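Just so we're clear, the structure is a prediction, and the values are computed from it rather than from any experiment. For the numbers below, each heavy atom of this structure counts, side chains included, while hydrogens, waters and symmetry mates do not.
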Amino acid sequence: MFHPRPPISPLEHSSFQACGGVRLRLVPTPLCNDVVLMEMGICLQVAVVGISYRGIASSTVVEVFGRTSEGLSVVVLVHGMRPWLEVSRPGPPQSVNAAEIERLRGVRHVVDVQGPVEKQTEQGMKPVWRVYVEQPYHVPRVRDSLEGRWLTHSSDIVFGQRLLLDLDLSLHIGVEGELIAATPEAAARMGIEPPLEEDEELLLAGASGRYPSDLIVRSNVEDLRHIEPFIAPLTTLSFDLETSIQHGTVLCAAAVLRTKDGDIEATFTGTEKEIIGDFIDFVRESDPDIITGYNIDNFDLPVLERRIEAMPAKERLKLALGRVPLDDDRGKPNRSSSRWWRCTGRVIMDAWWEARMALRPERESLSHVSQLLFPDQMEKRKMDVDASRMDEEWQERPDVVLEYCLQDAKLPLDILDAIAAQRRSESLGAVAKVPLETAVNGTTSQWIDSLLVRLAERSQIVVPRTKGQRSSESTEGGYVHDVKMGLSTWIVVLDFKSMYPSIMIEHNVCSTTRTDDGNKASHVAPTGAMFVDKKERLGLIPQILTDLMESRDFHKEQMRLAEKDENNHQHAFHDRLQESVKILMNSFYGVLASSFYRFTHPDLGASITAWARRKVRDIIMQLTAEGSEVIYSDTDSIFVAVPMEERPPPAKPPLDEDLEIWEEARRSMIAYGENLAERYSSSGEMLEFEKGLTAFFSHGAKKRYVGRVVYPQFETIVRGYEPRRTDGFPIQSKTLEVMFEHLLDDKLEMAIELALETIRRLKFGEVDPRDLVISRSCKGRVDKNNGNIDFTKDYVNPASLAHVQTAMKRIERGLTFTPGMKVSWIVTDARTSPMTVEPYLVDETGGEPPEPDYSFYTRRLATALGRITEAFGWTAGDLVAGTRQTTLFSFQE
DNA sequence: AACTGTGGCAAGTAGT
DNA sequence: ACTACTTGCCACAGTT
């Protein structure tokens, strides 16, 4: 049983007219001459959640699933799209006789051949024909049957994406069309009578049965257009199942739908079939854009699939969670080969995965992540249901379990809201011009394809296929300068602005501009790779990156304006957009350096990094030559010591007199940074003064340093060291964090004191075992047949690894383990080989923590702290002993 | 029997 | 999407 949906408050009619409103007209239909059907012209702004398509007779209807700016769910049935691919003759340009084209027309499933059009191919300009085929799935078949006689282009683009590419649309689209069906509530909201819902009408529109959306609109390709991004009132449904440990059956379930108007909660009880059936009904009725839950990818969705599979064939339910008619098989979520579940018309977004990516928590249990995000609210959440005794709990107090289940359904929504996961994805989709689904679950290559393919096709450049194999050779990457060991004071950090994108723009780096002809080359990389001049041909990638840079500047400007107006909403909106642009720009280098991307060549990635290394090394050499000291550098950043006659102590002093000296040093540091940035910036490359530090410390290892930033704002940065890592143990991170603060204040004695005291306490076991928990992610493969986990595919010697040992012990004790999840343990005996560890389960099942091997932890902590203190003459051994082994040699150091 | 050094595996981070 | 780099542990070989 579930609570019914409360009525939706009617919207004001005027707000709907902003985008054209609703027109009514009476027209005779061709199907039934004597009946006059009402046909309603409608104009909508839609955020595209997902795109699919269906073949109808000899044409294809594209289904665009989304949410309107007014908050209604909609499926737009777009007519007039025809699947196609392009062909050209292999080899150098040559004449093609008409008979050859006629043969092409005769190929099975080919509907039409058009052209030729002169296009740029890998072998120069060539005539290219466009071959239209019956259905999208015929594209690969025709492609393969033409193998050898023709080269094919644009022949592996998924048809759903085709709509956005051909019409140059993004996530937010304007739609004009005919309203052919609406739920009574939706009609009421729009202030109209719902249209007649006759089967013929839906069939005419290319639908079979009822889509679960509020509106069904029929449209034509010509009636879709690009619109500016808006914040869509997306809806999210979260759910949680409680299952029997003994039988694996579903005991109860809960779901919460979150809209901009609030939450609707539902709980499900009864027989397993009733629970699952009612849950499916609730999903279809509430028609959310996003389905979420905690670890649904690896738990709840597989459980639903398995339990339905276990039902007798006759009365088996359909797991129709998708936005398609009930009898349409595409409604069932599937995860074919991919790590992600897909479900037609909706996005499946696992709050576990999103939280993991956004927060990088040390432990990943729902309770730990909630604690992290909502420390105050967690008081309310009573952990009084013992999940390891679920069957008994359900027997004894079902209402408590149901309440617990509802809580667990609701938390994922709060988590996603707290990290703004949906909004971020919407922004990324708007920038990469892909549906929400691709923004959430797609790969970077899909986002970049979306921009690159559409520009190539507009620029009369053929689109190559994604390459099959990966080469064994890897490209040399960025340059990392040796870091000076110890404490340095008064440092400026200079950064190249968007270094790799700038290089790509400056040197016109693109697969379409690369050349082997030395006469044509105007850009020669340090590796010898050559690229033509911009005037000869402007590369696709430089064009896109230039646009992206401009759009980032635009959104940053809008942020400034919003800030001035104190419009937080607008500020956050543009901040997300500029952030998405940045993410996208930085992804370009990655796909270009990958060997299987369609628009790349091994020269590209190698040239970019080679130019970058040269640029950074040149500046380091010049700085060194002029007497400045370079402390560190990684890829695009340079840390330079500010030249000063006398270096004031780094800590901001309380005394007036000293404070003035300190402030003066800070001012001269800023001036020096700005001066360097200006001197080393040319038109093509921008070196920016990014940060000013009073103190910088490293023990001498690259990518590991801490710094006290005093410009542009005050903060402490820690890079690479244990406090940044999720696989250390808490006391290690906490101690180092405080020690770093002391070091940066130039309070060496306090840092050493803390190290000695913490090690002493640990040696005598005077610490909370919680501070000794180590967590790491663990791989493994699930055996399809028996559900067992196989570790041997991922690990050479699984049993010798502490995290695998922990995972195995969890499984032994009947606890969940899903490949990729983090497991937590305490080392109980390090004298054995491999060391003995015990899972730490206090958060999950309660009980006593395992007895730690304190001597192991003492040694590990001493090693970590000793690395730092060794810069000041205290080795790890000295820290454990509690005294420094002073020798003549150590004094000389 | 207890160290010490080394190569290999694995995870995680810093940077794009 | 990519490379550079550090660290921890194990297995093994070679000392002390």
Side-chain angles (χ1 to χ4, degrees), chain A residues 356 360 362 432 442-449 452 466-467 470-471 473-483 493 495-504 545 582-600 602 604-606 608-613 615-616 632-638 698-705 717-729 732 774-779 791 794-805 820 822-823 827 830-837 856-857 859-861 863-864 866-867:
Chain A
R356 170 179 218 217
R360 304 190 160 274
E362 278 169 11
T443 59
T444 46
S445 69
Q446 286 174 292
W447 308 335
I448 288 168
D449 250 8
L452 216 38
T466 293
K467 297 177 176 72
R470 58 178 303 153
S471 80
E473 270 150 86
S474 66
T475 348
E476 193 180 339
Y479 168 69
V480 189
H481 195 65
D482 280 336
V483 57
V493 183
D495 245 80
F496 280 99
K497 186 189 177 195
S498 307
M499 185 181 226
Y500 287 1
S502 301
I503 288 171
M504 291 185 241
L545 288 173
K582 185 184 170 187
I583 291 170
L584 200 58
M585 282 201 298
N586 284 339
S587 309
F588 270 78
Y589 162 72
V591 297
L592 292 187
S594 90
S595 50
F596 40 81
Y597 186 58
R598 63 172 86 237
F599 277 107
T600 195
L604 269 59
I608 296 162
T609 53
W611 264 310
R613 285 192 303 274
K615 211 170 254 199
V616 168
Y632 180 57
S633 163
D634 186 351
T635 313
D636 73 333
S637 66
I638 305 173
S698 170
H699 72 282
K702 292 170 174 180
K703 296 186 189 282
R704 298 206 150 201
Y705 62 88
I717 50 172
V718 180
R719 293 288 123 91
Y721 279 120
E722 281 76 357
R724 289 295 297 253
R725 297 184 63 94
T726 54
D727 60 348
F729 45 100
Q732 200 182 32
I774 303 172
S775 302
R776 258 189 173 193
S777 65
C778 183
K779 294 183 195 164
F791 294 102
D794 294 288
Y795 301 109
V796 181
N797 190 0
S800 73
L801 298 168
H803 56 293
V804 180
Q805 210 189 120
K822 270 195 148 80
V823 291
V827 177
R831 287 166 307 177
T832 59
S833 179
M835 59 170 61
T836 313
V837 302
F856 161 80
Y857 281 102
R859 185 160 36 80
R860 276 250 337 232
L861 181 66
T863 309
R867 263 197 295 275

When the distance from [atom1] of [X] to [atom2] of [N] is rounded to whole Å, what number comes out?
X      : N     : atom1 : atom2 : answer
A/E476 : C/dA4 : CD    : P     : 6 Å
A/Q805 : C/dC9 : CD    : P     : 13 Å
A/I774 : C/dC9 : CD1   : C1'   : 11 Å
A/L592 : C/dT3 : CG    : P     : 13 Å
A/L801 : C/dG8 : CG    : P     : 16 Å
A/R859 : C/dT7 : CZ    : P     : 17 Å
A/I608 : C/dC2 : CD1   : P     : 14 Å
A/L584 : C/dA1 : CG    : P     : 13 Å

| said: Tell me the closest heavy-atom pair linking A/D495 and A/S637, and the distance in Å. | reply: OD1-CB, 3.6 Å
Listed pairs, N/O of protein and of nucleotides 11-16 of chain C, under 3.5 Å:
{"residue": "C/dA11", "atom": "OP1", "partner": "A/N797", "partner atom": "ND2", "Å": "3.3"}
{"residue": "C/dA11", "atom": "OP2", "partner": "A/S833", "partner atom": "OG", "Å": "3.3"}

| request: List the protein contact pattern of nucleotides 11-16 of chain B with one symbol per nucleotide (5' to 3'): B for base contact, S for sugar-phosphate-only contact, - for none; contact means a heavy-atom distance under 4.0 Å. | output: BBSBSB
| Pick from A/Q732, A/H699, A/R867, A/R704: which one makes a side chain to side chain donor-acceptor pair (under 3.5 Å) with A/Y721? | A/H699
| task | Look at the rings of A/Y795 and A/H803 and say which category their plane angle falls in: under 30° parallel, 30 to 60° tilted, over 60° perpendicular. | result | perpendicular
What is the nucleic acid contact for [X], judged by heavy atoms within less than 4.0 Å: base, sugar-phosphate only, or nothing?
X      : value
A/H699 : sugar-phosphate
A/G478 : sugar-phosphate
A/M835 : sugar-phosphate
A/R613 : nothing

| Donor-acceptor contact present, side-chain A/S502 to main-chain A/K497, <3.5 Å | yes
| said: If I take atom OH from residue A/Y597 and atom OG1 from residue A/T444, how far apart are they, to the nearest 0.5 angstrom? | reply: 9.0 Å
| Nearest 0.5 Å, what's the CH2-CD1 distance between A/W611 and A/I503? | 8.5 Å
| task | Take atom NZ of A/K702 as the centre, draw a 6.0 Å sphere, and report whether it contains more than 12 heavy atoms from other residues, nucleotides or ligands. | result | yes
| task | For a side chain to side chain contact (heavy atoms under 4.5 Å, CB included) with A/Y500, tell me which candidate from A/T635, A/L592, A/N586, A/D636 qualifies. | result | A/T635
| task | Report the residues that fulfil side-chain contact (heavy atoms from CB on, under 4.5 Å) with A/E476, sequence neighbours left out, ordered by chain and then residue number. | result | A/R613
| query | Between C/dA1 and A/S594, is there an OP1 or OP2 to side-chain N/O distance shorter than 4.0 Å? | reply | no
